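A quick write-up on the structure given underneath.
For clarity, every value in this text was computed on a predicted model and none was experimentally measured. Whatever order the structure lists ligands and atoms in, that order sets their numbers, starting from 1. Residue indices begin at 1 and follow the sequence shown.
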Amino acid sequence: MTLQVYINGRLVPKEQAAVSVFDHGFLYGDGVFEGMRSYSGRVFRLQAHLDRLWESARAIWLEIPLSQEEMTQAVYQTLQANDISDGYIRLVVTRGAGTLGLDPNKCSDPQVIIIADHIELYPAEFYEKGLHIITASTIRNHPAALSPRIKSLNYLNNILAKIEGLQAGCVEALMLNHKGEVAECTGDNIFLVRRGELYTPPNDAGILEGVTRAAVIELARGMNLPVHEVPLTRHDVYVAQECFLTGTAAEVIPVVRVDGRAIGSGKPGPVTQELRRRFERLVREQPDG
Ligand code: PXG
């Protein structure tokens with residue numbers, strides 16, 4: 001069966017789902033997006049993803065031509081049309097077609113696209129053995145240039161860091177912020193365990209406010225595990241007992257080596273494994289929203 005893509009209120013076969021070459025999303029990366037997952041037919045934390053999409057849009061002066069209720073219906077309609085219960089959902093809102101100039105006022109028709117597909121998971125081995133990552137030399141966008149809190153269609157910053165990681169044989173790469181502090185990875189947030197407590201960079205450290213990150217913080221608090229959202233340096237990473245990443249695609253994934261150094265025992269640690277187990281339970285239990 002051909003994948004059906006939602007575009008501006010219609011479901012069409014993927015070959016027909018297209019935007020104009022004059023779309024400012026294409027010409028300038030002028031738009032916003034979300035990546036979400038559904039588990040057993042329910043979208044995990046849909047409301048949090050919609051809120052982030054709407055905030056990203058507001059930050060770039062883009063009005064989404066749908067209500068959140070309409071977007072919710074469209075998301076489920078797209079999942080059902082493709083008979084997907086465990087999948088990946090990409091929401092994209094572009095500025096729409098305009099002229100070859102920058103002026104967003106010349107764009108009249110924001111494009112709303114929903115793609116629901118089967119998810120490509122990391123191999124089980126990555127979760128059992130843990131990831132090796134490196135620190136990229138490409139830093140996260142300076143917040144005064146383009147706030148990392150905006151999930152915009154311009155991901156070049158992260159793509160350049162991802163290339164550095166791939167060239168070093170790593171599927172993820174650590175990015176620092178403009179102050180040299182630890183920010184996040186190219187598509188995942190980072191956590192450390194030290195003396196049995198959890199550490200993660202704060203929202204103003206130049207990170208995307210991850211939905212998975214927020215869920216893991218809640219889980220940790222439910223385990224009476226103190227969570228510190230504080231600025232971190234690479235030194236903190238190197239001396240941590242455990243390190244793991246969180247993200248919609250990876251969920252909770254252990255990191256066992258950073259820049260060639262073993263983290264803690266060099267094996268996935270007990271806190272990481274317990275949080276991963278609890279997260280797996282949470283995504284299956286979670287009511288809509
Ligand atoms: N940081 C960045 C820069 C991200 O892009 C996260 C952290 C994790 O956020 P969530 O809300 O997912 O916990 C992201 C999320 C992809 C892909 O296709 C990227 C993300 C999510 C899903 C898929 O590479 N980025």
Checklist entry - Can you tell me the protein heavy atom closest to atom 14 (C) of ligand 1 and the distance? => result Gly187 O, 3.4 Å
Item to check | side-chain hydrogen bond (donor to acceptor under 3.5 Å, both in side chains) pairs, two or more places apart, involving residues 164-174 | outcome: Ser137-Glu164, Thr138-Glu164, Glu172-Thr186
Next on the checklist: Among all the protein's non-hydrogen atoms, which is closest to atom 11 (O) of ligand 1, and how far away is it?
Outcome noted: Val211 N, 2.7 Å
Checklist entry - Under a heavy-atom criterion of less than 4.0 Å, does Arg45 contact ligand 1? => result no
Item to check | Contact partition for Met36 relative to ligand 1, non-hydrogen atoms under 4.0 Å | outcome: neither
Item to check | Short N-O contact, Glu280 and Arg284, less than 4.0 angstrom | outcome: no
Next on the checklist: Looking only at distances, can you tell me whether any N or O atom of Ala249, backbone or side chain, sits closer than 3.5 Å to an N or O atom of ligand 1?
Outcome noted: no
Checklist entry - Which residue and non-hydrogen atom of the protein lie closest to atom 12 (O) of ligand 1, and at what distance in Å? => result Thr248 OG1, 2.5 Å
Checklist entry - Any idea which atoms of ligand 1 are less than 4.0 Å away from a heavy-atom of Asn158? => result 3 (C)
Checklist entry - With only distance considered, is His49 within less than 3.5 Å of ligand 1 through an N or O on each side? => result no
Checklist outcome for this item: For Arg140, the ligand 1 atoms with a heavy-atom partner under 4.0 Å come out as 3 (C)
Checklist outcome for this item: Nearest non-hydrogen protein atom to atom 22 (C) of ligand 1, with distance, is Tyr88 OH, 3.5 Å
Checklist entry - Under 30°, 30 to 60°, or over 60°: which ring-plane class applies to His178 and His142, parallel, tilted or perpendicular? => result tilted
Checklist entry - Hey, are Asp51 and Arg45 close enough for a salt bridge, meaning a charged N less than 4.0 Å from a carboxylate O? => result no
Next on the checklist: Could you check whether Arg276 makes a cation-pi contact with Tyr127, meaning its NZ or CZ is under 6.0 Å from the centre of the six-membered ring and within 45° of the ring axis?
Outcome noted: yes
Item to check | Nearest-neighbour protein heavy atom for atom 5 (O) of ligand 1, which is reported as residue plus atom name and distance | outcome: Tyr155 OH, 2.5 Å
Checklist entry - Polar-atom distance check: Thr212 versus ligand 1, any N or O pair below 3.5 Å? => result yes
Item to check | Phe33 and Tyr155 aromatic ring geometry - parallel, tilted or perpendicular at 30°/60° bounds | outcome: perpendicular
Next on the checklist: Could you identify the single nearest non-hydrogen protein atom to atom 15 (C) of ligand 1 and state the distance to 0.1 Å?
Outcome noted: Lys151 NZ, 3.3 Å
Checklist outcome for this item: Between Leu166 and Val171, the two heavy atoms sitting closest are CD2-CA, 4.3 Å
Item to check | Donor-acceptor pair between Thr233 and Asp236 side chains, under 3.5 angstrom | outcome: yes
Item to check | Basic-acidic side-chain contact under 4.0 Å: Arg52, Glu209 | outcome: no
Next on the checklist: Among all the protein's non-hydrogen atoms, which is closest to atom 2 (C) of ligand 1, and how far away is it?
Outcome noted: Glu184 OE1, 3.5 Å
Checklist outcome for this item: Tightest non-hydrogen contact, residues Ile190 and Pro201, listed as O-CD, 3.5 Å
Checklist entry - Aromatic rings Phe126 and Tyr122: how do their planes relate, parallel, tilted or perpendicular, breaks at 30° and 60°? => result tilted
Next on the checklist: Geometry only, no angles: is Glu209 polar-contacting ligand 1 at N/O separations under 3.5 Å?
Outcome noted: no
Item to check | Side chain, backbone, both or neither: Ile207 near ligand 1, heavy atoms under 4.0 Å | outcome: neither
Next on the checklist: Any nitrogen or oxygen of Arg213, side chain or backbone, less than 3.5 Å from one on ligand 1?
Outcome noted: no
Next on the checklist: Can you report which non-hydrogen protein atom sits closest to atom 16 (C) of ligand 1, along with the distance?
Outcome noted: Arg90 NH2, 3.9 Å
Checklist entry - Quick one: does atom 24 (O) of ligand 1 have a protein heavy atom under 4.0 Å from it? => result no
Checklist entry - In ligand 1, which numbered atoms sit nearer than 4.0 Å to a non-hydrogen atom of Gly210? => result 9 (O), 10 (P), 11 (O), 13 (O)
Item to check | Counterpart residues, side chain to side chain donor-acceptor pair (under 3.5 Å), relative to Asp204 (two or more places apart) | outcome: none
